[in-house]
S.K.: 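What follows is a single structure, and I will ask about it in a moment.
First listed ligand is number 1; within each ligand, the first listed atom is number 1.
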Amino acid sequence: QGQVGILPRTAKDGKMITCESPWWTSGFYPGTLWYCYEYSNDPQVRAAAEEMTSRVERQKYTTSNHDVGFIINCSFGNGYRLTHNEAYREVIETAAKSLSTRFHPVTGCTRSWNSKKWQFSVIIDNMMNLDLLFYVNHLTNDSKYKEVALRHAETTMKNHFRNDHSSYHVVSYNSDGSVEMKCTHQGKNDDSSWARGQAWGVYGYTSCYRESKDAAFLQQAQNIAALIMERVKTDDAIPLWDYDAPNTPETPRDASAASITASALIELSTLVEDGQVYFDYAEKLLKSLSSDAYLAKIGTNQGFILMHSTGSLPNGSEIDTPINYADYYYLEALVRYMQVKGIDYKSL
Ligand code: GLY
C-alpha cells in the first residue's frame, strides 16, 4: 500500500518539521510537486511527485476522520488529473468510499472529528473534502457521491453561518440532527471569524456552484467573498489570523488563508459575468504573497515557498511560520491565474 515515509509539514526554530501520512496536511507536499510538474513538465519533478504521493496511499482507508479528502485529493487527485495513471484512480475511489462512511443522513453532514468533546462535530474546513466526492462522481458516474457532498453543503449553509455571512468554525449536532453547539477550535473565540475558516468556506461553495449550478451556492460564495474583502484590515490584504484579532503589528497573519482565498476567487471570477472584482482581489493577494514580505528566497525558509502562515494560534501551534498548505494553494492559484491570463510557464 505505497511506501511509508515522512513529508514536509512546517518549520520551527530554523528546522523543518515533518509529518507522516495520517496527519491532515500530508497530501499537500505531493500536491505541490504535482503543480510544479504541471508548470514544468519536468520528468524529475514527476518522479518526486510520484514518490511523495505513494507515501500517503495508506490513508485511502481512513474512516476515523474527514481528512482523507484533503490528503488523497491533493496528492492522488492531482496525480490522476495529470497522468491518468489507472492505479491512482482506485486510490481516489477507495478514499471517497471511506469519506462517505462518515455521512449521517439524518444530520445531513459528513462528520469531521471523532472527538469526545462533541457528539458529531462538523468544521467549516470540511467543505474542502467535497471536491474528492465531486471528482469521484465524475470518475464513476455514481451520483451518490455528489448527493452526499451537496447535502453536506446545504446543511452547513444552514447552520454554520451568521447573519453577516461569517462562519463558525465548529458546529456539533445531536443524533436527531439538531444543533448541539456552535463554537471554535482554532479561532480567537466562538463568535469570531477565523481567517482560514472563511477561506475554506468561499473555496468550498465555489466548488459546489461549479458542480451543481445551484444559485444558492453561488450566492453563498459571493457573500463570503464580500465579507473577506470588507473585513480585511491590512494594506496588503493578507489577513490577520482571525478577522477579529487586534490590528497590531505583533498580531500574526495567515498567508495560507490568503492563498486559499486567491485560488477560490480566481475560480469564482470565471463562473460569474461580473467576476473582475474577484480576479482583481486575487491578483492583489498573489502580488502581496509574491513580494519579499512573504515569498522566501531560494535556499531559505527550510525549503518552503511562503513565510508567515498561522496554523492554530489558540493551541500554540504553527504561528507565523511556513506551512505546506499555504504553498499548495499559492501554486494552485498561480496555475489558475496563468490559465485565465493565457500565460505559459515556458514563456515567462
Ligand atoms: N483543517 C484544519 C486547519 O485549517 O487548520
Side-chain angles (χ1 to χ4, degrees), residues 7-12 17 19 21-29 31-32 56 59 62 64-75 95 99 102 109-115 117-118 121-132 152 156 160 166-172 183-190 192-205 207 224 228 238-243 245 252-264 304 306 308-330 332-333:
L7 295 132
R9 167 179 164 181
T10 182
K12 192 170 184 196
I17 306 290
C19 59
S21 62
W23 179 244
W24 77 274
T25 72
S26 64
F28 290 116
Y29 183 60
T32 297
V56 304
Q59 297 316 123
T62 304
S64 57
N65 64 65
H66 70 167
D67 292 325
V68 63
F70 275 115
I71 296 170
I72 297 296
N73 203 35
C74 298
S75 56
L99 179 59
R102 300 187 64 76
C109 276
T110 61
R111 188 179 184 186
S112 293
W113 298 323
N114 295 355
S115 157
K117 197 166 161 187
W118 298 292
S121 64
V122 178
I123 59 175
I124 188 64
D125 323 31
N126 202 343
M127 289 299 298
M128 301 299 282
N129 293 311
L130 306 186
D131 267 332
L132 172 71
H152 179 95
T156 299
H160 257 82
S166 67
S167 160
Y168 285 93
H169 184 202
V170 184
V171 175
S172 175
C183 54
T184 198
H185 180 63
Q186 283 163 248
K188 180 170 169 290
N189 48 51
D190 290 344
S192 73
S193 302
W194 175 50
R196 199 164 50 259
Q198 315 313 304
W200 293 143
V202 69
Y203 192 114
Y205 282 100
S207 292
I224 305 168
I228 289 171
I238 308 302
L240 305 175
W241 72 282
D242 188 301
Y243 289 102
R253 298 182 180 204
D254 183 13
S256 80
S259 299
I260 298 157
T261 302
S263 187
F304 291 94
L306 294 177
H308 306 307
S309 291
T310 295
S312 185
L313 189 141
N315 301 295
S317 170
E318 301 174 340
I319 301 167
D320 192 16
T321 190
I323 305 184
N324 57 15
Y325 46 88
D327 293 359
Y328 174 87
Y329 289 103
Y330 175 62
E332 182 181 89

S.K.: Which residue in the set Leu306, Thr25, Thr32, Thr10 passes side-chain contact (heavy atoms from CB on, under 4.5 Å) when paired with Tyr325?
M.R.: Thr25
S.K.: For Asn126 and Thr110, run side-chain hydrogen bond (donor to acceptor under 3.5 Å, both in side chains): C-alpha distance rounded to whole Å, both residues' side-chain angles, the deciding distance at 0.1 Å, then the answer.
M.R.: CA-CA 8 Å; Asn126 202 343; Thr110 61; 3.2 Å; yes
S.K.: Please enumerate all residues that pass side-chain hydrogen bond (donor to acceptor under 3.5 Å, both in side chains) together with Asn114, with sequence neighbours excluded.
M.R.: Arg102
S.K.: As a test of reading the model: which N/O atoms of the protein lie under 3.5 Å from N/O atoms of ligand 1, and at what distance?
M.R.:
from: ligand 1; atom 1: 1 (N); to: Asp125; atom 2: OD2; distance (Å): 2.6
from: ligand 1; atom 1: 4 (O); to: Asp125; atom 2: OD2; distance (Å): 3.1
from: ligand 1; atom 1: 4 (O); to: Arg196; atom 2: NE; distance (Å): 2.9
from: ligand 1; atom 1: 4 (O); to: Arg196; atom 2: NH2; distance (Å): 3.3
from: ligand 1; atom 1: 4 (O); to: Trp200; atom 2: NE1; distance (Å): 3.0
from: ligand 1; atom 1: 5 (O); to: Gln186; atom 2: NE2; distance (Å): 2.7
from: ligand 1; atom 1: 5 (O); to: Arg196; atom 2: NH2; distance (Å): 2.6

S.K.: Side chain of His169, backbone of Gln186: donor and acceptor closer than 3.5 Å?
M.R.: yes
S.K.: Taking atom types as modelled and ignoring hydrogens, do the side chains of Thr321 and Glu318 form a donor-acceptor contact shorter than 3.5 angstrom?
M.R.: no
S.K.: Could you walk me through whether Ser112 and His66 satisfy the side-chain hydrogen bond (donor to acceptor under 3.5 Å, both in side chains) test, starting with their C-alpha distance in whole Å, then the side-chain angles of each, then the deciding distance to 0.1 Å, before giving a yes or no?
M.R.: CA-CA 5 Å; Ser112 293; His66 70 167; 3.2 Å; yes
